Amino acid sequence: MPILASFLCGFVFGGGLVTSGMTQPAKVLGFLDLFGIPSGTWDPSLAVVMAAGLTVASIGYTLIRRRPPLFARESLWPTKTEIDQPLLFGALLFGVGWGLIGLCPGPAVANLATLSLPVAIFVIAMALGMLAHDLWLALPAPRSLAGKAAADG
Amino acid sequence: MQPPLMSASGPDYQPVVTLNGWLPGSYVTIVVGGLLVGFGTRLGSGCTSGHGICGIARLSPRSIVATGVFMVAAIIVVALTHHVFAG
């Protein structure tokens, strides 16, 4: 059952990304291009996607806060609350990459369905970026970014 | 009288192709973009879905800040690459 639930969630998520246009890099860049407001080419439709997604997700979270999950022992809620350097610097790097190509992780994986070589290269580079981060974290040397280092004393 | 099918090929009609595998950029840009997206989402603990939808829906301050940062960063990059340094 958990596998079936995962499959259904992925199916709905992927379907939503494709239907809304989030898997079209050109559309995403058209949304991020605020120079398009004066020239009349700005595409605000992805703001509607975000608003609708937030509405559904808020209702969902409100419902599952009250009860344990159906297919797992417990809900694993994020515990971090501090706005630290890794969060800010990571969001900055991600934003730069997103602005360069117009693909974020979910739509990039959904785009693999096209069997396109550029998309496959993007996803491999993305996986290597994640791997590089994990290897960098595993290094014993002192790190300039605070947070994780502080916990080591 | 026009057959009904003709109305679908009028000037306002555009085929809905939301998944065509085309990416706006050279292979160098694609690799750099992919590396940044991968490293950044791991370091920042989330992406558009994780922070932008799930995090904000939980009213998480970390996610609200992260979403603001990556939106502004992406908007600046698009402005630079498509207008300031547009070839």
Side-chain angles (χ1 to χ4, degrees), chain A residues 13 18-19 21 23-27 29 32-35 50 53-54 57-58 60-61 78 80-83 86-106 108 110-111 113-116 118-119 121-134, chain B residues 16-84 86:
Chain A
F13 181 47
V18 173
T19 310
T23 50
Q24 277 174 290
K27 188 178 176 70
L29 296 185
L32 294 170
D33 185 6
L34 297 190
F35 276 77
M50 187 164 190
L54 277 176
S58 303
Y61 276 123
K80 278 190 198 169
T81 52
E82 191 194 348
I83 294 164
L87 179 82
L88 297 173
F89 199 55
L92 177 71
L93 293 179
F94 164 52
V96 172
W98 192 35
L100 281 176
I101 291 296
L103 272 185
C104 43
N111 243 307
T114 61
L115 302 178
S116 134
V119 171
I121 289 174
F122 182 88
V123 172
I124 291 168
M126 191 170 84
L128 288 176
M130 293 178 174
L131 195 64
H133 170 263
D134 293 359
Chain B
V16 183
V17 180
T18 60
L19 205 59
N20 58 17
W22 177 81
L23 297 187
S26 66
Y27 278 114
V28 175
T29 316
I30 288 169
V31 169
V32 171
L35 287 171
L36 286 170
V37 167
F39 195 96
T41 47
R42 261 296 208 272
L43 182 63
S45 313
C47 57
T48 10
S49 313
H51 281 311
I53 299 292
C54 296
I56 295 184
R58 293 187 298 112
L59 298 177
S60 151
R62 273 172 60 88
S63 292
I64 293 168
V65 169
T67 305
V69 170
F70 68 65
M71 289 291 292
V72 169
I75 285 168
I76 290 173
V77 167
V78 171
L80 290 177
T81 53
H82 286 70
H83 298 281
V84 179

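Numbers restart at 1 for each chain; the letters A, B, ... are given by sequence-line order, proteins then strands. Keep in mind it's a predicted model, so treat the numbers as computed, not measured. Values below: all heavy atoms of this structure, side chains included; hydrogens, waters and symmetry mates excluded.
Side-chain contact between W22(B) and P118(A) is absent, with no heavy atoms from C-beta onward closer than 4.5 Å. M50(A) has its side chain within reach of I56(B): a pair of non-hydrogen atoms, C-beta onward, lies under 4.5 Å apart. Contact of the L35(B) side chain with the M126(A) side chain is not registered, since no non-hydrogen atoms from C-beta on lie closer than 4.5 Å. Taking the side chain as every heavy atom from C-beta outward, V69(B) and F94(A) never approach each other to under 4.5 Å. The closest side-chain heavy-atom distance from V37(B) to P105(A) is below 4.5 Å.
Taking the six-membered ring where tryptophan is involved, the planes of H133(A) and F39(B) are perpendicular, since the angle between them exceeds 60° and thus also 30°.
Sorted pairs that involve residues 89-103 of chain A and meet side chain to side chain donor-acceptor pair (under 3.5 Å), not counting sequence neighbours, are lacking altogether.
For A132(A), the parts lying near chain B are the backbone and the side chain together; criterion is any non-hydrogen pair under 4.5 Å. With a 4.5 angstrom heavy-atom cutoff, T41(B) touches chain A via backbone and side-chain atoms both. Of the two parts of F122(A), the backbone and the side chain both hold a non-hydrogen atom closer than 4.5 Å to a non-hydrogen atom of chain B.
Listed by chain and number, the residues in a salt bridge (Lys or Arg N to Asp or Glu O under 4.0 Å) with R58(B) amount to none (sequence neighbours excluded).
The backbone N or O of E82(A) sits less than 3.5 Å from a side-chain atom of R62(B), completing a donor-acceptor pair.
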Applying side-chain contact (heavy atoms from CB on, under 4.5 Å) to L93(A) and F70(B), what does each step give before you reach the verdict? CA-CA 8 Å; L93(A) 293 179; F70(B) 68 65; over 6 Å; no
